[in-house]
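Reminder, nothing fancy here: chain letters follow the sequence lines and each chain counts from 1. What you are looking at is a predicted structure, and each value in this text was computed from that prediction instead of being measured.
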4 protein chains.
Amino acid sequence: MIKSFASDNWSGVSPEIMEAVTVANTGHNAAYGEMNDPYYHRALFEFEKHFGKDIALFFVYNGTAANVLGINHLTSSYHAVITAKSAHINEDECAAPEKFGGNKILEIETGNGKITPAQIKPFLKSTGFQHHAQPKMISISQITEAGTVYSIEEIKAIADFAHDNNIYLHMDGARISNAAVALNAGFREFTRDAGVDVLSFGGTKNGLMFGEAVLFFDKNLAAGFKYLRKQGMQLHSKMRFIEVQFETYLKTGIWKKNARNANAKAKYLAEKLNEINGVKITQPVAGNAVFATLPSGIIPKLQNRYFFYVWNNDTSLVRLMCSWDTTKSDVDDFTELIRYEMSK
Amino acid sequence: MIKSFASDNWSGVSPEIMEAVTVANTGHNAAYGEMNDPYYHRALFEFEKHFGKDIALFFVYNGTAANVLGINHLTSSYHAVITAKSAHINEDECAAPEKFGGNKILEIETGNGKITPAQIKPFLKSTGFQHHAQPKMISISQITEAGTVYSIEEIKAIADFAHDNNIYLHMDGARISNAAVALNAGFREFTRDAGVDVLSFGGTKNGLMFGEAVLFFDKNLAAGFKYLRKQGMQLHSKMRFIEVQFETYLKTGIWKKNARNANAKAKYLAEKLNEINGVKITQPVAGNAVFATLPSGIIPKLQNRYFFYVWNNDTSLVRLMCSWDTTKSDVDDFTELIRYEMSK
Amino acid sequence: MIKSFASDNWSGVSPEIMEAVTVANTGHNAAYGEMNDPYYHRALFEFEKHFGKDIALFFVYNGTAANVLGINHLTSSYHAVITAKSAHINEDECAAPEKFGGNKILEIETGNGKITPAQIKPFLKSTGFQHHAQPKMISISQITEAGTVYSIEEIKAIADFAHDNNIYLHMDGARISNAAVALNAGFREFTRDAGVDVLSFGGTKNGLMFGEAVLFFDKNLAAGFKYLRKQGMQLHSKMRFIEVQFETYLKTGIWKKNARNANAKAKYLAEKLNEINGVKITQPVAGNAVFATLPSGIIPKLQNRYFFYVWNNDTSLVRLMCSWDTTKSDVDDFTELIRYEMSK
Amino acid sequence: MIKSFASDNWSGVSPEIMEAVTVANTGHNAAYGEMNDPYYHRALFEFEKHFGKDIALFFVYNGTAANVLGINHLTSSYHAVITAKSAHINEDECAAPEKFGGNKILEIETGNGKITPAQIKPFLKSTGFQHHAQPKMISISQITEAGTVYSIEEIKAIADFAHDNNIYLHMDGARISNAAVALNAGFREFTRDAGVDVLSFGGTKNGLMFGEAVLFFDKNLAAGFKYLRKQGMQLHSKMRFIEVQFETYLKTGIWKKNARNANAKAKYLAEKLNEINGVKITQPVAGNAVFATLPSGIIPKLQNRYFFYVWNNDTSLVRLMCSWDTTKSDVDDFTELIRYEMSK
């Protein structure tokens, strides 16, 4: 059984989810998540417990699609999206937002993956100038790609700034459960109540098999989205198998159990690494990622046993991701290995 | 346990597939189907048994995507795609091909869902005329949306015509297994060997949970396709769960077992319907679909117990789809119900 | 000096227009048609005389752009546009609407280029069905590509039908002046007052050098259009040279003078052709186009002296376009030539 | 007669051009620049004198289109374009490249508008990584948006780097004539011979009325471009009026006469400004632009008489553009005005 610190999507499916998928595999069920599909309503019921009533909920296949379609639905092609340079939608979607929406992405260089109203404000000079794409969307990742977490206040400040300027706020919640655990807050507090307009709610990095949810907190904003989903090649036929995963994920509380484990193991890993001379933690560990510099010579040897990604070759900066299934002994064994390789 | 004749995607997942998915859920595995992912290679190995060596194989989420990306990859935006009016890419993708590729779809009105070189030829008048989208792709569905099957000779004739005119041939194989059973032929005979350039190989309608394969039979044509897949929002992270389905589907032969059952039950259903006065079969039954006209008054009552779709309200034409899990007693019970309702 | 019956864009620029362009070439002027550009306001003033106040007026480069951008601005990508099969946007824009907007075009086969509510209605079955592009725009050409003219009542009927079904009405007015002359009506009567929402107002086929106007009759519908124009690569820098053409076109009445001549010469040409045995007029002549069948053998010889396009090789159907500069002697000479060639 | 230092497109049309347009307005001429259009061949003949044989030449409406279509034609949607942050295609096209091509633009922060291989190189790390848009095009502006000029050697270095890495080089030549004058070189030396693959050849900023040329220096690369032009809404019907402008522009040498005047006046303006205490030139003056800081208080008063654009409000940086029609007395009068306002 391979283990790694490569990514939280190298891990498999949480057993509770796999069981729910298996149980859902009974008889016929209305395809495409239509209104006559009971699984849809059960999943919606669970989401409403967390986010309140009057939400619009849609399932798509993955995070790329949740981000691209959610943003595209609330913008015209001549609108610009403001985000961190490191944001997934900017750097890791192979230009999917540009292709599907035609939008320009305006990037903000950050050290920690988080953006602020002060950094966003200069882009508003373009407003009304017909030669420039018009700012209409701000997108933030929670947890960020740098492993940091926005506080509720920080999100509120961005949302207020956005709405004061007739701009929407999107949140890429690929690791939203890890954020909730890190903030010790309910989902709603740092999304809907903080002013987020459209949310990509991910689960694959925390124990699901496939699927991602798009939530609009003003149902009016969601009008027509189902057509965009289909046109975006994101309408699953046997939809129950996505729906039942999210129902189970929320209902059983494994979203929290899994995220707690991943976050705790990252913290533990950081502690253990801190004890090693010559290893340096470069970002405060808020979620399930640990960014650290290692002696470059030992990296290939470590990767042979526990694969992980080098973030910056020049500085030997590596990203170590913990997952819902990372164990204490994984961490112990891995850090032991580091010590051993460094001692040679 | 609900049963229906609504669609072959109202049924669930074949038990062999569910088991394989469960078994694959062990430990960590390289994400995104990269070269270091063993599941990819095992799936490729099975495909090569059917299609031969030197194929380019990619997995995407669904049939919409397989069709749109496969076609898009081999065309420029000013190219036109020629297909049957009833083709999924023309009528049932909510303009996904137009959105993603910008292509114009040129439709051919057919009675039976099949197109011929003679019907395609007039569109070639546009060749070289800069005001018209340029024909560059022909797309056929096997089995067609009308439930009919192209013979190998018919496909060859289209492919030869296409290639003589510098045009590619795409096949939408959403129900390719049903076609293979209907033709009593191997996949390769009516695809690669018949001249198909790019194939959407589906399984969800025949017992898979999610995922669809795109196959290019000339590897050179596939250069860069992995980027298009990502940009098309179709790159799954936990890819092993798609790959293992296709590996199992082909390796265990359930593609054939399932398709045989669905086709056989459709044939049986047609026979039973034929015995009923006032019911009329409107298309020869080649695969797993039965098109028939029913007395309009009884349709809602039948739908209450066995849901199915009305294809044409004016003529009371209905489509009855059999699935991998349709049983003889489903058919017996359903046709009994028809007789009963008609007798009232 | 070459003459032809090829197209009304083979002719040159009306002398009044050329003079206005020359006169406008004085000193510096605000670029891009911004609010501080007096030429814009003068052109707007003339348009308001014809169409009334509270219109939104934009200039683009050509008819393709006016049609594509006008339609695109009022639709989402998952919307469908219903139009005649023969419509320019369907057949003669090399898939520009599909590329720029992603929309599906739903075509209606017509004999005479005109569509009716009864023909449009069946497409509305798709409304609400997520697999189908959603009808949101009807586009009509006035004069049609078949040379016919919609009556005011016919346009009103389509507009009422459209608005009853939450659909917009677009008019491709590439030959709108010829239509006004044919109807003996003011522009406003068969556009704004008849219920058209967005109009492409062309002039290049009637004596202008370049440029086309897009008019929205509800200014609210035009919000943001200036950004779409720029993004659509249609914002001219030295805009005064488009604006002054339209100002002059409307102010001096040459729109009417030119169109009257073109229409009258087409009528005269039709009369002369009617007198020739073996020549048959196939469409009533309403504007400046004459569709006729000629003996196929003489066509190349005629084309040598007066070029024109063959519309259908099989039936020897040709299109003969009269222009603002077509003279009685052009027609006399051309018809003499036909008689001569037929006598050989 | 208004004068300004706002932009070289606030000026009108060079008299030689206006005359040529007027003279071309005779009789009928084949529309759309087809092969039977003599004006096309005459324009091509002039271009070949400068660029050599075996070029592919196309006319479009403006610089936005020339840039977007030229780049789009040589890339797939998943390709990235590397350019200076200040490049027109990045900042001043309202996301036209993203909309039309779906490409991601990767920007390089520069002080002077010029990029180097060393700055481009880091982006190549993305090559082969499926999550990142793939670098395939480098675009440089000659003259740059900062008023600077690439030397021939600098262009060659970029071209060699590009071709070594399977990347194309595009040049935005909106002010290419000013560059040729600044470099005292022929067009060919710093484009085709330096390794540029596709060139936007502009003239509107140097005395033309409308139109821009796209040149491919390898004809094979241009295959199909005419369809893309049409689909891009850039095919002019009365094409002779673009073609004759470019023919005249090159044949009469006014490209050089006009550019020489604009460049010389900019140099003269810079000299005069340099003599004024409190005014500072911020970029070496290579072409027809002068960037300078002025006392902020007097800017509105100056703009009343000679409009110009403020480039940076915080630093009172302004851009003063000279044009083909800027005179010595314009400069004298303007600088006098500055002295006068500063003395108050």
Discussion item. Between B/A95, B/P97, B/G102, who has the most heavy-atom pairs with chain C when the cutoff is under 4.5 Å?
Written reply: B/G102

Fill in: Max heavy-atom pair count under 4.5 Å with chain C, selected residue of B/E91, B/Q130, B/H79
B/E91

Worksheet item: What part of B/E107 gets closer than 4.5 Å to chain C, counting heavy atoms only: side chain, backbone, both or neither?
Response: side chain

Worksheet entry | Part of B/N90 lying under 4.5 Å from any heavy atom of chain C | both

Discussion item. Can you tell me which portion of C/F129 sits under 4.5 Å from chain B's heavy atoms? Options are side chain, backbone, both or neither.
Written reply: side chain

Fill in: C/L106, part contacting chain B, at a heavy-atom distance under 4.5 Å
neither

Worksheet entry | Within the 6.0 Å centroid threshold, strictly below: B/Y61 and B/F59 | no

Practice prompt. Specify which of C/K125, C/H132, C/K99 makes the most heavy-atom pairs with chain B at under 4.5 Å.
Written response: C/H132

Taking the side chain as every heavy atom from C-beta outward, state whether [X] and [Y] have any atom pair closer than 4.5 Å.
X: C/T144; Y: C/S86; answer: no
X: B/F308; Y: B/M321; answer: no
X: C/K114; Y: C/T116; answer: no

Item to complete: Could you label the plane-to-plane angle of the B/F5 and B/Y306 rings as parallel, tilted or perpendicular, counting under 30° as parallel and over 60° as perpendicular?
Response: tilted

Worksheet item: Once the angle between the rings of C/F307 and C/W10 is folded into 0 to 90°, is it parallel (under 30°), tilted (30 to 60°) or perpendicular (over 60°)?
Response: parallel

